[in-house]
Amino acid sequence: MRYIRYAFLGAIGIILISVAIANLAAVQLVLLPDALADLFGFNFTITLPLFVVILGSIAVGLLIGFVWEWLREHKHRSEKSKTQKQLKQTQREVRRLKGKQNEKKDEVLVLLEEAS
């Protein structure tokens, strides 16, 4: 399975390198359309190779997706945390009640009952 993973990562690497080599042309990224730039009085522009724009867009999309999923799963994580706290509290209460119940019994018999 490890070799399949390495082969897959190698194939992705070769594809990304070929995309980068094929898209070396410079493109100009503009923050605002000309009409809005004239209205606000400023406009940010940058010139980058096309492959940087493509790979950067993929990376930003993945990052946004990971953050979105992390935020979406927040309620599940908080519910799990509350359930674990309740479970620990219940276990402490059960131990306390068993301790009260077994106060007058022989220690060896109590250990045997707990084991079964």
Side-chain angles (χ1 to χ4, degrees):
M1 195 64 173
R2 183 176 14 173
Y3 295 119
I4 294 172
R5 183 177 67 200
Y6 290 148
F8 180 71
L9 290 175
I12 289 176
I14 290 170
I15 291 169
L16 290 177
I17 289 170
S18 67
V19 166
I21 292 171
N23 294 296
L24 289 175
V27 292
Q28 186 176 11
L29 296 178
V30 181
L31 179 64
L32 298 171
D34 291 333
L36 287 177
D38 292 340
L39 180 67
F40 290 123
F42 73 96
N43 199 4
F44 180 74
T45 61
I46 189 169
T47 302
L48 296 170
L50 182 59
F51 77 90
V52 172
V53 174
I54 293 170
L55 297 179
S57 299
I58 291 171
V60 169
L62 284 171
L63 183 64
I64 290 171
F66 288 144
V67 169
W68 185 276
E69 187 67 17
W70 182 76
L71 291 173
R72 189 185 69 81
E73 291 176 348
H74 173 71
K75 70 176 179 180
H76 299 293
R77 288 191 308 273
S78 66
E79 184 179 319
K80 179 185 175 194
S81 175
K82 288 177 187 176
T83 304
Q84 285 179 340
K85 287 179 186 177
Q86 290 174 351
L87 176 64
K88 288 181 182 180
Q89 181 181 4
T90 305
Q91 288 173 341
R92 283 194 304 266
E93 188 175 341
V94 166
R95 270 189 252 118
R96 185 179 56 81
L97 291 174
K98 279 187 177 180
K100 285 184 179 179
Q101 181 184 12
N102 297 329
E103 283 179 350
K104 298 178 183 176
K105 292 184 180 179
D106 185 28
E107 292 178 10
V108 175
L109 293 175
V110 170
L111 288 174
L112 289 174
E113 287 179 2
E114 287 179 3
S116 60

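What you see is a predicted model, and the numbers here were worked out from it, not measured in a lab.
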| Quick one: does Ser81's side chain have a donor or acceptor within less than 3.5 Å of a partner on Arg77's backbone? | no
| field | Neighbour count above 12 (heavy atom, 6.0 Å) for Gln91 CD | value | yes
| field | Greater than 12 external heavy atoms within 6.0 Å of His76's NE2 | value | yes
| Nearest heavy atoms of Leu24 and Pro49, plus distance in Å | O-CB, 4.1 Å
| request: Kindly compute the distance separating CG (Leu16) from CZ (Phe51), expressed to the nearest 0.5 Å. | output: 11.0 Å
| side chain to side chain contact (heavy atoms under 4.5 Å, CB included) with Leu50: which of Val52, Ile54, Leu48? | Ile54
| task | Measure the CD1-CG distance between Ile14 and Leu9 for me, rounded to the nearest 0.5 Å. | result | 11.5 Å
| Common cluster, Phe40/Leu31, ILVMFWY with side-chain heavy-atom separation under 4.5 Å | yes
| Arg92/Arg95 under side chain to side chain contact (heavy atoms under 4.5 Å, CB included): CA gap, chis, key distance, verdict | CA-CA 5 Å; Arg92 283 194 304 266; Arg95 270 189 252 118; 4.0 Å; yes
| field | Nearest-0.5 Å distance that lies between atom CG in Leu36 and atom CG in Asn43 | value | 9.0 Å
| message | Using 0.5 Å steps for rounding, measure from the CG atom of Leu29 to the CZ atom of Phe44. | response | 9.0 Å
| message | Do Ile12 and Ile17 land in one hydrophobic cluster if side-chain heavy atoms of ILVMFWY residues count as linked below 4.5 Å? | response | no
| request: Classify the ring geometry between Tyr3 and Tyr6 as parallel (under 30°), tilted (30 to 60°) or perpendicular (over 60°). | output: perpendicular
| said: Let me check something: do Val27 and Leu55 share a hydrophobic cluster, defined by ILVMFWY side-chain heavy atoms less than 4.5 Å apart, either directly or through other members? | reply: yes
| said: Tell me whether Leu62 shares a hydrophobic cluster with Ile64, the cluster being built from Ile, Leu, Val, Met, Phe, Trp, Tyr side chains joined at under 4.5 Å. | reply: no
| field | Residues Lys82 and Glu79 bridged, charged N to O under 4.0 Å | value | no
